[in-house]
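Chain letters run A, B, ... following the sequence lines, proteins first and then strands; every chain starts at 1. Atom set for the values below is all heavy atoms of this structure, side chains included, hydrogens, waters and symmetry mates excluded.
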Protein chains: 2
Amino acid sequence: MNSDTRQRIVMTALEMFYVKGYNSTSIADILSRSQVHSGSLYHFFPGKQDLLVAVLEFYRDGIEDNLLSIAWADQTDPIEKIFALLNGYRIGLMMSDFQHGCPIGNLALEISEPDPRIRELLDVNFANWIDAVERCLNSANERLPAGTDTHALAEFILTIMEGAIMQARTARDIAVFDRNIKVLRQHINLLLEKAKEPS
Amino acid sequence: MNSDTRQRIVMTALEMFYVKGYNSTSIADILSRSQVHSGSLYHFFPGKQDLLVAVLEFYRDGIEDNLLSIAWADQTDPIEKIFALLNGYRIGLMMSDFQHGCPIGNLALEISEPDPRIRELLDVNFANWIDAVERCLNSANERLPAGTDTHALAEFILTIMEGAIMQARTARDIAVFDRNIKVLRQHINLLLEKAKEPS
DNA sequence: CACCCACTTGATCGATCATTCAAGTTCCCA
DNA sequence: TGGGAACTTGAATGATCGATCAAGTGGGTG
């Protein structure tokens, strides 16, 4: 099986869905960018939705190697790992002139009546991200107030990342992103301080 | 000038962009739903983008009367006004079975290369929302720690609202929204407590 | 009454959409 | 070496897209 062409299609689609969105990316766009002919694409994927499924699966399977391990390369403090991860998105925003946000977030808002497979994959991608942050928080457990709900806090951090990217892209101003991260940092600091207080 | 038809078109477009998104809503959709013929629509609007502009202007001009005054009807405490506003989106999510999120947020992520008018209107709509929340925070100024950046905090609250809606819609689970608001509440409480400390 | 102009009707346009398919080509295995 | 499966080519399809426009209708004004 020639998975070379298949992979080129998926990678091209990933990039284009990322930048233009799913609905605004035509099959013709993908074909011309990936130098593949329609027959080949439809040999591997029954339809456009199935291509989206493959893209989301690819993204899901690459989170560890392509996102976390890179962002965390030179971070040992688990709290700083979280901010390093957020900084990765910041860099993506700036390097692409605000074209790149979060691939999953874009799709999550765009797809209004998703195929169950797609909704599930969006969910799994969010869940994996939250899990990774939650593991960081759990590693810093003794520095946080007793009884801190680390899952809810990790979810909250994803929320801020998605919301901050949305606003920074709209304003085309990285300062919006930075201010949001700064307030998050203040919240974390308040938690760390509170944990030091005598109970 | 017959602004009756015009208004019906704008209201229909608002609702459909809200639920299906801009790209996924066709002119034909709007025509059949609003019982208007294409010639009439193009009499009032040169093109689809101009219709989106009208929708965003309509939304901008209605924020005070249609959003804030309703959410704040029986709230006097400025902090509680903020949570009442957030609760309005919560109700919208539940009543529409997760179809309604934030009209502006959806469009902000969907429109990748916006007409300058559109980007500006998205920005203004966000700015008005932030201003409203900032006014609440300023009203509660003496209860917050000295030197609190109320603009950044208001921006942060919008961020959380947008991110929380995104995740709750994807999971189709209101508990996600609630957990996010709960963490925000904890943050606000930490600020209120800190303000009471002797300096 | 006559004229005009705002507005409506609805058929129609070319472009683009996702998708199909018959006719290739390549390559592995028997 | 021959056959068949995997894959490629690229023209073609019908549907749908946003947009156009000539022919109306109706109400207000001169």
(message) The criterion is side-chain contact (heavy atoms from CB on, under 4.5 Å); which residues satisfy it with B/P103, sequence neighbours excluded?
(response)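 Testing B/P103 for side-chain contact (heavy atoms from CB on, under 4.5 Å), a comparison that skips the adjacent residues, returns B/Y18, B/Y59.
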(message) So, using side-chain contact (heavy atoms from CB on, under 4.5 Å) as the criterion, who are the partners of A/P145 when residues are at least two apart?
(response)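 Applying side-chain contact (heavy atoms from CB on, under 4.5 Å) to A/P145 gives A/T148, A/L191, A/K194, A/A195.
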(request) Residues of residues 12-20 of chain B with any non-hydrogen atom less than 4.0 angstrom from an atom of DNA chain D: list those, numerically ordered, please. (result)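 Hits under 4.0 Å, by residue number: none.
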(request) Residues of residues 27-35 of chain B with any non-hydrogen atom less than 4.0 angstrom from an atom of DNA chain C: list those, numerically ordered, please. (result)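 Per residue number, the list is empty: none.
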(message) Treating A/R169 as the side-chain partner and A/Q99 as the backbone partner, does any N or O pair qualify as donor plus acceptor under 3.5 Å?
(response)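 Present.
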Rounded distance (Å) that lies between atom [atom2] of [N] and atom [atom1] of [X]:
{"X": "A/F45", "N": "D/dC7", "atom1": "CZ", "atom2": "C1'", "value": "14 Å"}
{"X": "B/L41", "N": "D/dG18", "atom1": "CG", "atom2": "C1'", "value": "10 Å"}
{"X": "B/K48", "N": "C/dA15", "atom1": "NZ", "atom2": "C1'", "value": "15 Å"}
{"X": "B/L52", "N": "D/dG18", "atom1": "CG", "atom2": "P", "value": "13 Å"}
{"X": "A/I9", "N": "D/dC7", "atom1": "CD1", "atom2": "C1'", "value": "11 Å"}
{"X": "B/R8", "N": "C/dT8", "atom1": "CZ", "atom2": "C1'", "value": "12 Å"}
{"X": "A/N23", "N": "D/dG18", "atom1": "CG", "atom2": "C1'", "value": "16 Å"}
{"X": "A/F44", "N": "C/dT19", "atom1": "CZ", "atom2": "P", "value": "17 Å"}

(message) Quick test of your reading of the model: are A/R185 and A/E80 salt-bridged, counting only N-O distances below 4.0 Å?
(response)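 Yes.
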(request) Check salt bridge (charged side-chain N to carboxylate O under 4.0 Å, His left out) between B/D115 and all other residues, then give those that pass, not counting sequence neighbours. (result)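 Salt bridge (charged side-chain N to carboxylate O under 4.0 Å, His left out) list for B/D115, sorted by chain: B/R117.
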(request) Name all residues meeting the salt bridge (charged side-chain N to carboxylate O under 4.0 Å, His left out) criterion together with A/R119; count only those two or more places apart in sequence or in a different chain, and write none if there are none. (result)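 Salt bridge (charged side-chain N to carboxylate O under 4.0 Å, His left out) list for A/R119, sorted by chain: empty.
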Using side chain to side chain donor-acceptor pair (under 3.5 Å) as the criterion, list what pairs up with [X], not counting sequence neighbours.
{"X": "A/N180", "result": "B/T159"}
{"X": "B/N138", "result": "B/T150"}
{"X": "B/E134", "result": "B/H151"}
{"X": "B/W72", "result": "none"}

(request) Could you run through nucleotides 21-26 of chain D and give me one letter per nucleotide, 5' to 3': B if any protein heavy atom sits under 4.0 Å from the base, S if only the sugar-phosphate is that close, - if neither? (result) B-----
(request) Return the nearest nucleotide to the side chain of B/H43; candidates are C/dC17, C/dA6, D/dG18. (result)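 Among the listed nucleotides, the one closest to the side chain of B/H43 is C/dA6.
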(request) Answer with yes or no whether the hydrophobic clustering places B/V19 together with B/L52; edges join I, L, V, M, F, W, Y residues whose side-chain heavy atoms lie under 4.5 Å apart. (result)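 Shared cluster, no.
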(request) Give a yes/no answer on whether the side chain of A/H37 brings an N or O atom under 4.0 Å of OP1 or OP2 in D/dG10. (result)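 Yes, within the criterion.
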(request) Considering just the side-chain nitrogens and oxygens of A/T5, establish if one lies under 4.0 Å of OP1 or OP2 belonging to D/dT8. (result)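 Yes, because at least one side-chain N or O of A/T5 sits under 4.0 Å from OP1 or OP2 of D/dT8.
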(message) Restricting to ring pair (Phe, Tyr, Trp, His ring centres under 6.0 Å), what partner residues turn up for B/F177, sequence neighbours left out?
(response)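 Counting only residues at least two positions away or on another chain, B/F177 forms no ring pair (Phe, Tyr, Trp, His ring centres under 6.0 Å).
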(request) Please work out if A/T25 contacts a base, only the sugar-phosphate, or nothing of the nucleic acid, heavy-atom cut-off 4.0 Å. (result)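 Since only primed, P, OP1 and OP2 atoms lie under 4.0 Å of A/T25, the category is sugar-phosphate.
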